[in-house]
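Here the structure comes first, spelled out in structure tokens, and everything after it is commentary.
Numbers restart at 1 for each chain; the letters A, B, ... are given by sequence-line order, proteins then strands. Being a predicted model, the structure only gives us computed values, none of them experimental.
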There are 2 protein chains.
Amino acid sequence: MSTRVPQERRRRRPTRSGVLLSEDLIVTTALRLIGEHGPEALNVRRLGSALGCDPSALYRYFHGTDDLVLAIADRIIGDAMAGFVPGDDWVASLREMALRVRAGYLAHPRAAALAAHRVTRRGNEIQAVETGIGLLLSAGFEPARAARLYLAFIDTVLSHAAADAAFEALPRQRREADHRAWRNVYQGLDPARYPALTAVRPELPSMADSSFEEAVDLMLEALAARAPDGR
Amino acid sequence: MSTRVPQERRRRRPTRSGVLLSEDLIVTTALRLIGEHGPEALNVRRLGSALGCDPSALYRYFHGTDDLVLAIADRIIGDAMAGFVPGDDWVASLREMALRVRAGYLAHPRAAALAAHRVTRRGNEIQAVETGIGLLLSAGFEPARAARLYLAFIDTVLSHAAADAAFEALPRQRREADHRAWRNVYQGLDPARYPALTAVRPELPSMADSSFEEAVDLMLEALAARAPDGR
DNA sequence: CCATTGCGTCAATCCTGTTGACATAAGGCG
DNA sequence: CGCCTTATGTCAACAGGATTGACGCAATGG
């Protein structure tokens, strides 16, 4: 039933276990569930039992699972950028923006994985774009160039963060299997056929780690090298 | 049953409807299904009926759904890299790899949305990693450094390509709405509150375009700057 | 203090993926 | 040429998901 969710709520009735449900409480509980028991713990049954209500009660507050996920994503965006103030060093500031975005995504990987590529056009996003482009303008880039370079930078950050979140959102078994692959599969290859892989063999297990910071640093190096006013 | 999948296949028996199953045919059909009806259309029942076989027959070829997804991912990689031969110029070669990967993802945007970010551990992926790391070794990087830098590079390429594919996989309406947002929402902002956005205003509509090539070029610039042997 | 109705509950429905048992035909071997 | 083994397609069943229609209790306005 998709017309089940009312605009405002006046009457509220405690569940069998005495809890007063609300959109806020549900989102908070969902985030706690994900944090404690991993991304796969978020489903209506488990959420219902964590809240002490029937699973179907959630449909009084959200049209469905996806609606709930979007509500969660909205909370994450607000939290991630809260209180950020750009400093004098534009490179360091862009770096902090990148780390904050990633941290926000990784704090709630499953929600991030589902909502990562959606454009919000809302206050927080607009403010972030303003800040980022402002930083590149302060580095002396021409406006058109600043806009294009900001886009390349933030897209790299967002897509990397989304990739990391997507990986974290996998069920534990698959995550560990992907991880082990670099040890098991890639280690035992024919040296004659795969000389490069053989040469870097000791490094292969670390291929399972995130390259986020290395990528951001490379990107920032390139931007700094192109900047008219230096750093 | 996870030991159900044999190494090689000699005997083959037609299904009730006369089709001869094979790993290749299954992957091809899965790609077609996803391309036609979206990623959520990929499930064993539907795939079975598209192939003209019982759903459980698929478990003779793949350990489970995830295994199938990895095979699909590897197919996309294979198609994208087919016939690629690295040239003398390592920067140009990495650039072509990047463009090929992106083209491969964009050729199957909906499947890419499903299978990006995974380690396939299969032939095509292994070959691609071998090639990429080989290029960085040829640039004079130490093995450990080459491996880490390749990871940063390919992760950037893959996550960017995945983001582009995800955007392409959106329904037309949503894609166009996102596109218009940069014109409509961002153009009409208060200049006093958003000075940077106002300064780059003419450039805003182009923010809807992909930044893939710009990002790859920045990344390659940084790599070239760090390379011991130059370009 | 009663009537209204919002909302929590229940049970049923329809999806998934996965597997153990079964059946049958392909292909090697005598 | 025919038999035997066994690979492999089929069937039926199970577990566990999302979702919803009907129901009835209790919070609230009058």
Side-chain angles (χ1 to χ4, degrees), chain A residues 1-26 29-30 33-34 37-72 110 114 169-171 173-174, chain B residues 1-26 29-30 33-34 37-72 114:
Chain A
M1 212 185 289
S2 54
T3 55
R4 244 180 167 176
V5 181
Q7 316 288 40
E8 295 209 12
R9 229 163 268 275
R10 297 192 183 152
R11 300 193 185 167
R12 297 165 66 225
R13 177 184 171 180
T15 69
R16 171 175 295 274
S17 65
V19 186
L20 275 181
L21 291 181
S22 71
E23 191 172 309
D24 247 31
L25 177 63
I26 295 173
T29 305
L33 254 187
I34 295 173
H37 306 298
E40 63 276 10
L42 184 67
N43 63 62
V44 283
R45 291 194 207 285
R46 226 191 274 235
L47 183 51
S49 87
L51 281 161
C53 71
D54 190 273
S56 63
L58 300 171
Y59 292 85
R60 301 273 182 212
Y61 293 82
F62 301 97
H63 296 296
T65 306
D66 192 57
D67 195 22
L68 171 61
V69 167
L70 289 182
I72 293 172
R110 190 189 202 192
L114 291 180
L170 288 176
Q173 270 193 332
R174 282 182 228 168
Chain B
M1 215 184 289
S2 52
T3 54
R4 246 181 164 174
V5 181
Q7 319 288 40
E8 295 210 10
R9 230 162 264 277
R10 296 192 185 149
R11 300 192 185 168
R12 300 173 58 230
R13 178 180 170 182
T15 69
R16 171 176 294 277
S17 65
V19 187
L20 274 180
L21 292 181
S22 71
E23 192 172 310
D24 250 31
L25 177 63
I26 295 173
T29 306
L33 257 185
I34 296 172
H37 304 108
E40 66 279 4
L42 183 67
N43 62 61
V44 284
R45 291 185 207 281
R46 218 191 278 235
L47 183 51
S49 87
L51 282 161
C53 71
D54 190 90
S56 62
L58 301 172
Y59 290 83
R60 301 274 182 213
Y61 293 82
F62 301 97
H63 296 297
T65 307
D66 193 57
D67 195 24
L68 171 61
V69 167
L70 292 182
I72 293 173
L114 193 67

Enter the distance from A/Y61:OH to A/L21:CG here, rounded to the nearest 0.5 Å.
4.5 Å
Could I get the full list of side-chain hydrogen bond (donor to acceptor under 3.5 Å, both in side chains) partners for A/T65, not counting sequence neighbours?
none
In whole angstroms, the gap separating C1' of D/dT10 from CG of B/L51 amounts to 15 Å
What is the distance, to the nearest angstrom, from the CZ atom on B/R60 to the P atom on D/dC11?
14 Å
Spacing of A/L58 atom CG relative to D/dA18 atom P, expressed in whole Å:
10 Å
What nucleotide, of D/dG9, D/dC11, C/dA26, holds the atom closest to the side chain of B/P14?
C/dA26
Pick the nucleotide of DNA chain C nearest each of B/D54 and A/D54; which residue has the one closer to the 5' end?
A/D54
Between A/D24 and A/S22, is any side-chain donor less than 3.5 angstrom from a side-chain acceptor?
no
How many whole angstroms separate atom CZ of A/F62 from atom C1' of C/dC7?
15 Å
Would you kindly check whether a donor in the side chain of B/R13 faces an acceptor in the base of D/dG9, or vice versa, at under 3.5 angstrom?
no
Who are the side-chain hydrogen bond (donor to acceptor under 3.5 Å, both in side chains) partners of B/T15, not counting sequence neighbours?
B/S17
Considering only heavy atoms and no angle criterion, is a donor-acceptor pair shorter than 3.5 Å present between the side chain of A/T15 and the base of C/dC7?
no
Donor-acceptor contact below 3.5 Å, side chain A/R110 vs main chain A/L42
yes
Rounded to whole Å, the CG-C1' distance (A/L47 to C/dG8) equals 15 Å
Could you state the CG-P distance from A/L21 to C/dG6, rounded to the nearest angstrom?
17 Å
What are the atom names and distances for every N/O pair under 3.5 Å that joins the protein to nucleotides 13-17 of chain C?
from   : atom 1 : to    : atom 2 : distance (Å)
C/dT16 : OP1    : B/N43 : ND2    : 3.1
C/dT16 : O4     : B/R45 : NH2    : 3.1
C/dG17 : OP1    : B/V44 : N      : 3.4
C/dG17 : OP2    : B/V44 : N      : 3.0
C/dG17 : N7     : B/R45 : NH2    : 3.0
C/dG17 : O6     : B/R45 : NH2    : 2.5

Quiz question: going by heavy-atom distance under 3.5 Å, is there a donor-acceptor pair between the base of D/dT10 and the side chain of B/R16?
no
How far does CG of A/L58 sit from CD of A/E23, to the nearest 0.5 angstrom?
11.5 Å
Under 4.0 Å between a side-chain N or O of A/Y61 and OP1 or OP2 of C/dG8?
yes
Heavy-atom pair with the smallest gap, counting every atom of A/A50 and A/T29
CB-CG2, 4.1 Å
What is the distance, rounded to the nearest whole Å, between atom CZ of A/R110 and atom P of D/dG17?
11 Å
